[in-house]
Amino acid sequence: MTDKREKRTVRIGTRKSDLAVIQTRLVAEAIEAACPQVQTELVTRQTMGDRILDKPLLEFGGKGVFVSEFEQGLADGSIDLAVHSAKDMPMELGEGMAILAVPPREDPRDVLVTRPDTVLSGKSRIVIGTSSPRRVVQIQELGPKLWPEAEICCEMLRGNVNTRLRKLAEGGYDGIILAAAGLKRLGFLQEDGSFCSFQGDGRTFCCQYLDCETFIPAGGQGILAAEGREDDREMREICRQMEDPKARICLETERKVLRLLNAGCHEPIGVYSRIAGEEIELSGICGRGGIIRRTRRKGPVSQAGELAEQAAAELSGETGWEQAESELPGETERRG
């Protein structure tokens, strides 16, 4: 006999941008593929962070402006899940909320995007568009190696990916820095490698990948997080079907470093981890107070929490931890 039972509808909250909707559909499709008895429905909302684009996030609430409205929806039952870019989530979730699922990680790297006719070599002044202090600190550190004699100037850039690409195309910047994961999920990046060209917003752009050890990503970059009510056992079971254990460990490790550093929403701090076999490698950068500190550690996956504590201590300038063998001598602290 045919099972005529009605399917369970799972309402998933998402921001309205093209990228947010695409990311949420990826989660929705994973849920429906793993749970045939479930159908999903996207519930779009415009957050304060989407409405206010002429100010840095720090001025009106930080990362929480992308999350709090969905947490309210979870609390009042108007949605069952909310999908976020993990790097946009605050360190402390709302009361009774939890990350119920962490799908596989997409490319965590940043990319430097330029117009095809832009030649940065030989310029005396290069304007880079970004509102991320983490990216500002690192591009100003990397800039003299890429473009000797050039002054690197960073100017605020906010908005969705298409908006940022449009502003670049209009000539407001020599280059902008974006996350590879977003460009790939939007279908803009079709090739991999150090340099490539891609189509975005009806225009062609060029990009240079920045490796994660040299240009450290934001904690959780490339990772999606499905947030729900902590006590919702049904959603936990549904979400369990799309969980990636390695991505979960990396996200928890990176978020622990940020939590120990009491990292605010808008600080020059990056942290990235990856699992290779039975070991986890952890890299971090902190540019507080004009001093750039880096850390690089490796150890058993079972000791990820301890490595996070050691990395946070190094990045904060505390003493008491021995340097990891893999750390480059003289690279722990550098005056910016």
Side-chain angles (χ1 to χ4, degrees), residues 6-47 49-51 63 65-74 77-89 93 97-109 111 159-165 178-192 198-202 218 220-229 232 234-248 250-251:
E6 290 188 6
K7 289 189 173 184
R8 163 73 160 94
T9 298
V10 174
R11 297 156 301 171
I12 309 177
T14 176
R15 295 161 63 189
K16 290 185 175 181
S17 73
D18 291 346
L19 178 57
V21 170
I22 287 172
Q23 292 179 157
T24 304
R25 282 179 178 158
L26 290 173
V27 171
E29 290 167 3
I31 289 175
E32 291 183 350
C35 306
Q37 76 280 13
V38 171
Q39 64 182 11
T40 58
E41 174 188 335
L42 269 60
V43 179
T44 60
R45 297 187 179 183
Q46 188 177 45
T47 68
D50 299 310
R51 292 190 292 270
K63 291 182 179 180
V65 299
F66 294 124
V67 175
S68 59
E69 293 176 45
F70 293 106
E71 291 185 334
Q72 179 59 46
L74 290 168
S78 59
I79 58 175
D80 303 297
L81 290 174
V83 174
H84 311 291
S85 293
K87 70 183 180 69
D88 291 334
M89 300 184 75
L93 303 181
M97 302 297 159
I99 296 175
L100 302 187
V102 180
R105 190 174 207 164
E106 182 48 279
D107 193 329
R109 292 175 293 180
V111 290
N160 61 38
V161 173
N162 283 334
T163 297
R164 298 184 190 202
L165 291 175
L178 299 174
L183 293 173
K184 289 188 174 183
R185 288 175 180 141
L186 285 165
F188 291 168
L189 280 182
Q190 304 297 334
E191 303 175 36
D192 202 352
F198 68 94
Q199 294 285 336
D201 197 27
Q221 187 158 306
I223 295 178
L224 300 179
E227 184 183 17
R229 295 182 292 275
D232 193 332
E234 181 185 21
M235 283 301 104
R236 277 192 179 278
E237 180 58 27
I238 290 173
C239 288
R240 185 179 63 82
Q241 309 298 322
M242 60 176 176
E243 174 82 359
D244 183 290
K246 289 185 178 180
R248 165 77 70 168
C250 288
L251 178 58

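- Residues in residues 21-35 take part in these side-chain hydrogen bond (donor to acceptor under 3.5 Å, both in side chains) pairs, two or more places apart or across chains: Thr14-Thr24, Gln23-Ser85, Gln23-Arg185, Glu32-Thr40.
- When the salt bridge (Lys or Arg N to Asp or Glu O under 4.0 Å) test is applied to Arg240, the partners found at least two apart in sequence or on another chain are Glu237.
- Residues forming a side-chain hydrogen bond (donor to acceptor under 3.5 Å, both in side chains) with Thr44 (at least two apart in sequence, or on another chain): none.
- Note that CD1 of Ile79 is 4.0 Å distant from CG of Leu74, once rounded to the nearest 0.5 Å.
- Contact record, Ala180 with Leu189: O-CD1, 4.2 Å, taken as the closest heavy-atom pair.
- Closest approach of Met89 and Leu93 over heavy atoms only: CE-CD2, 3.6 Å.
- Applying side chain to side chain contact (heavy atoms under 4.5 Å, CB included) to Leu81 and the options Arg11, Met235, Glu227 leaves one that passes, Met235.
- Arg105 meets the salt bridge (Lys or Arg N to Asp or Glu O under 4.0 Å) test with Glu254; sequence neighbours excluded.
- Checked against side-chain hydrogen bond (donor to acceptor under 3.5 Å, both in side chains), Glu234 has the following partners two or more places apart in sequence or in another chain: Arg8.
- By the salt bridge (Lys or Arg N to Asp or Glu O under 4.0 Å) test, Glu41 pairs with no residue at all, sequence neighbours left out.
- Atoms NZ and CG, on Lys16 and Leu42 in that order, are 13.0 Å from each other to the nearest 0.5 Å.
- At a threshold of 4.5 Å between non-hydrogen side-chain atoms, the residues Ile31 and Ile238 count as touching.
- Listed by chain and number, the residues in a side-chain hydrogen bond (donor to acceptor under 3.5 Å, both in side chains) with Gln221 are Asp110, Arg134 (sequence neighbours excluded).
- In this structure a side-chain-to-backbone donor-acceptor pair under 3.5 Å is missing from Arg164 to Leu178.
- Although no hydrogens or angles enter the test, the distance criterion places no donor-acceptor pair under 3.5 Å between the side chain of Gln37 and the main chain of Lys7.
- Within the 4.5 Å cutoff, the side chain of Val67 has no heavy atoms near those of the Asp88 side chain.
- The shortest heavy-atom contact between Ala225 and Ile99 is CB-CG2, 4.0 Å.
- Applying the ring-ring contact (aromatic ring centres under 6.0 Å, His included) rule to Phe188 yields no partners; only residues at least two apart in sequence or on another chain are considered.
- Once rounded to the nearest 0.5 Å, the distance linking CG of Asn162 with CG of Leu186 reads 6.5 Å.
- Atom CG of residue Asp244 and atom CD1 of residue Ile223 lie 8.5 Å apart, to the nearest 0.5 angstrom.
- Nearest heavy-atom pair, Leu19 versus Val161, reported as atom, atom and distance to 0.1 Å: CD2-CG2, 4.3 Å.
- Annotation for Ala34 and Gln241: closest pair CB-CB, 3.3 Å, computed over non-hydrogen atoms.
- Residues meeting the side-chain contact (heavy atoms from CB on, under 4.5 Å) test with Ala98, sequence neighbours left out: Leu100, Glu230, Arg236.
- Here the closest non-hydrogen pair linking Phe70 and Arg15 is CZ-N, 3.5 Å.
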